[in-house]
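What follows is a single structure, written as structure tokens, with notes after it.
Since we're looking at a predicted model, the values are computed, not measured.
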Amino acid sequence: MTPTRSSTRATSGRRRLLDEVERLAQELRPGQHQRIEETLAALIGGEGRDYGISPDELFAGGVPRIRPVLVQLAAQSGVNAGPTPGTQDVAMVAELLHAAVILHDAALGRREGLRRRAARRVLHRAGHWLGGNHLTLRALEIARRAPAPEILGDALDALREVTEGQAFGASLQERTPTPADVLQHTESQAGAVLAFSCRAGGRLAGVSRPALTRLGRYGRHTGVAFQLAEDLAAFDSTEGLEALTRLAVSGRPVLAVAFAAERDEELARLWRELGDEEDDDVAARVAERVGATGAIGKGREAMLEHVWSARRALSELPETPARGAMDRIVGSLAG
């Protein structure tokens with residue numbers, strides 16, 4: 001399996017983003033993010049210890065600190081922004097929403113997979129994830145005590161969008177997703193959670209309505225761009241086949257696979273087989289065929305469009321150190 005230039009660049013961009021977020025997390029408020037992660041771990045493991053999914057596994061391949069960092073930066077995005085109370089509570093809401101998304105994705109994974117069975121125990125086989133998942137309920141409880149009352153409404157809007165996106169994602173398991181399907185689904189998941197993070201941070205700072213809209217657009221496009229970069233990095237053979245197999249097992253639609261399936265009718269079947277069998281030989285064949293169609297390059301182009309859109313939304317905000325930091329975060333993906 002030969003890595004493509006696009007997959008290797010996606011891996012490099014993802015690493016740069018990780019480094020930038022980690023640096024900002026320490027610079028903004030040392031120690032706070034560790035406390036958020038510890039509290040989140042307690043919430044996940046506290047009620048019903050038969051979850052079968054550890055906090056480490058929930059965040060495998062992700063950036064646990066990007067949501068708290070964006071909440072804090074958005075809260076500092078006003079011209080006269082100073083210390084803003086409530087950022088830790090809002091960051092916790094964003095992290096709980098993200099954890100609930102990952103948990104629900106696990107419940108939609110491979111039919112006989114251990115992660116799927118464990119996740120379904122957490123969801124208590126509820127038909128509606130909001131009613132069955134205490135993480136989302138806890139998120140709403142915390143949002144209710146936020147200093148800006150509108151944040152609860154923002155959290156409900158995010159939950160509604162994520163719920164509709166989950167239902168859409170489940171329907172895609174019955175057919176081969178198109179690239180437009182994948183982008184719609186990604187926007188309703190990672191995009192919705194980061195849009196909430198940025199808007200809620202702006203609410204704390206009391207920024208204007210136009211600024212809230214721009215912060216929300218930045219968060220949405222950044223969420224989509226990061227998710228696309230994560231998925232593209234899975235096709236980089238220098239990282240091994242484990243990430244690609246994990247992606248197939250998740251059952252989540254993937255843009256490069258959707259692009260490739262338009263040109264290679266066999267690929268959709270191989271992708272499903274990889275999700276069922278978790279076989280390295282099948283993973284290598286999938287990676288080779290996706291790379292041969294040029295789909296990874298097209299996926300990177302789509303990611304860069306969202307990077308550009310995120311940076312454009314930021315350019316309409318007042319020039320502040322926080323805006324500069326937010327620009328560096330999303331710009332690191334394009335490097």
Assess whether atom [atom1] of [X] is packed by more than 12 heavy atoms of other residues, nucleotides or ligands within 6.0 Å.
X	atom1	result
Arg144	CZ	no
Arg175	CZ	yes
Glu319	CD	no

Distance-minimising heavy-atom pair for [X] and [Y]:
X	Y	result
Val207	Leu215	CG2-CD1, 4.2 Å
Leu194	Gly219	CB-O, 3.2 Å
Ala287	Leu244	CB-CD2, 3.9 Å
Ala260	Ala295	N-CB, 3.6 Å
Ala256	Phe235	CB-CE1, 4.0 Å
Ala190	Gly223	CB-O, 3.5 Å

Nearest 0.5 Å, what's the [atom1]-[atom2] distance between [X] and [Y]?
X	Y	atom1	atom2	answer
Arg300	Leu333	CZ	CG	9.0 Å
Leu73	Ile66	CG	CD1	10.0 Å
Arg312	Arg214	CZ	CZ	11.5 Å
Leu228	Glu305	CG	CD	10.0 Å
Leu314	Thr222	CG	OG1	7.0 Å
Met92	Glu141	CE	CD	13.0 Å

Any side-chain to backbone donor/acceptor pair from [X] onto [Y]? Under 3.5 Å, distance only.
X	Y	value
Arg263	Thr293	yes
Arg323	Leu317	yes
Tyr218	Met326	yes
Asp181	Thr178	yes

Less than 4.5 Å apart, any side-chain heavy atom of [X] and any of [Y]?
X	Y	result
Gln76	Thr320	no
Thr186	Leu255	no
Asp231	Val182	no
Ser309	Arg220	no
Glu95	Pro68	yes
Arg272	Thr176	yes

Residues in salt bridge (charged side-chain N to carboxylate O under 4.0 Å, His left out) contact with Arg160, at least two apart in sequence or another chain
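If we apply the salt bridge (charged side-chain N to carboxylate O under 4.0 Å, His left out) test to Arg160, skipping adjacent residues, the hits are Asp157.
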Can you list every ring-ring contact (aromatic ring centres under 6.0 Å, His included) pair that touches residues 304-331, not counting sequence neighbours?
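Those involving residues 304-331 are His221-His306.
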Do Lys298 and Glu301 sit within salt-bridge range, that is, some charged N less than 4.0 Å from a carboxylate O?
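No salt bridge links Lys298 with Glu301.
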Taking it one step at a time, do Leu159 and Leu140 satisfy side chain to side chain contact (heavy atoms under 4.5 Å, CB included)?
CA-CA 9 Å; Leu159 278 171; Leu140 294 178; 3.5 Å; yes
Sole residue of Leu270, Val290, Leu267 in side chain to side chain contact (heavy atoms under 4.5 Å, CB included) with Arg285
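Output: one option passes, namely Leu270.
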Please evaluate residues Gln166 and Gln189 with respect to the criterion side chain to side chain contact (heavy atoms under 4.5 Å, CB included), reporting the C-alpha separation (whole Å), side-chain torsions for both, the decisive distance (0.1 Å), and the verdict.
CA-CA 8 Å; Gln166 291 285 4; Gln189 305 297 291; 2.9 Å; yes
Could you go through Thr245 and Leu274, starting from their C-alpha distance and side-chain angles, then the distance that decides it, and tell me whether this counts as side chain to side chain contact (heavy atoms under 4.5 Å, CB included)?
CA-CA 7 Å; Thr245 300; Leu274 177 59; 3.8 Å; yes
Are Leu183 and Leu304 connected in a single hydrophobic cluster, I mean Ile/Leu/Val/Met/Phe/Trp/Tyr linked by side-chain heavy atoms less than 4.5 Å apart?
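In one cluster: yes.
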Steps toward side chain to side chain contact (heavy atoms under 4.5 Å, CB included) verdict (Arg252, Leu247):
CA-CA 7 Å; Arg252 180 168 55 77; Leu247 196 56; 3.1 Å; yes
If you look only at distance, which donor and acceptor atoms sit under 3.5 Å apart when one is on a side chain in residues 145-156 and the other is two or more places apart or in another chain?
residue, atom, partner, partner atom, Å
Arg145, NE, Asp89, OD2, 3.1
Arg145, NH2, Asp89, OD1, 3.0
Asp154, OD1, Arg203, NH2, 3.2
Asp154, OD2, Arg203, NE, 2.8

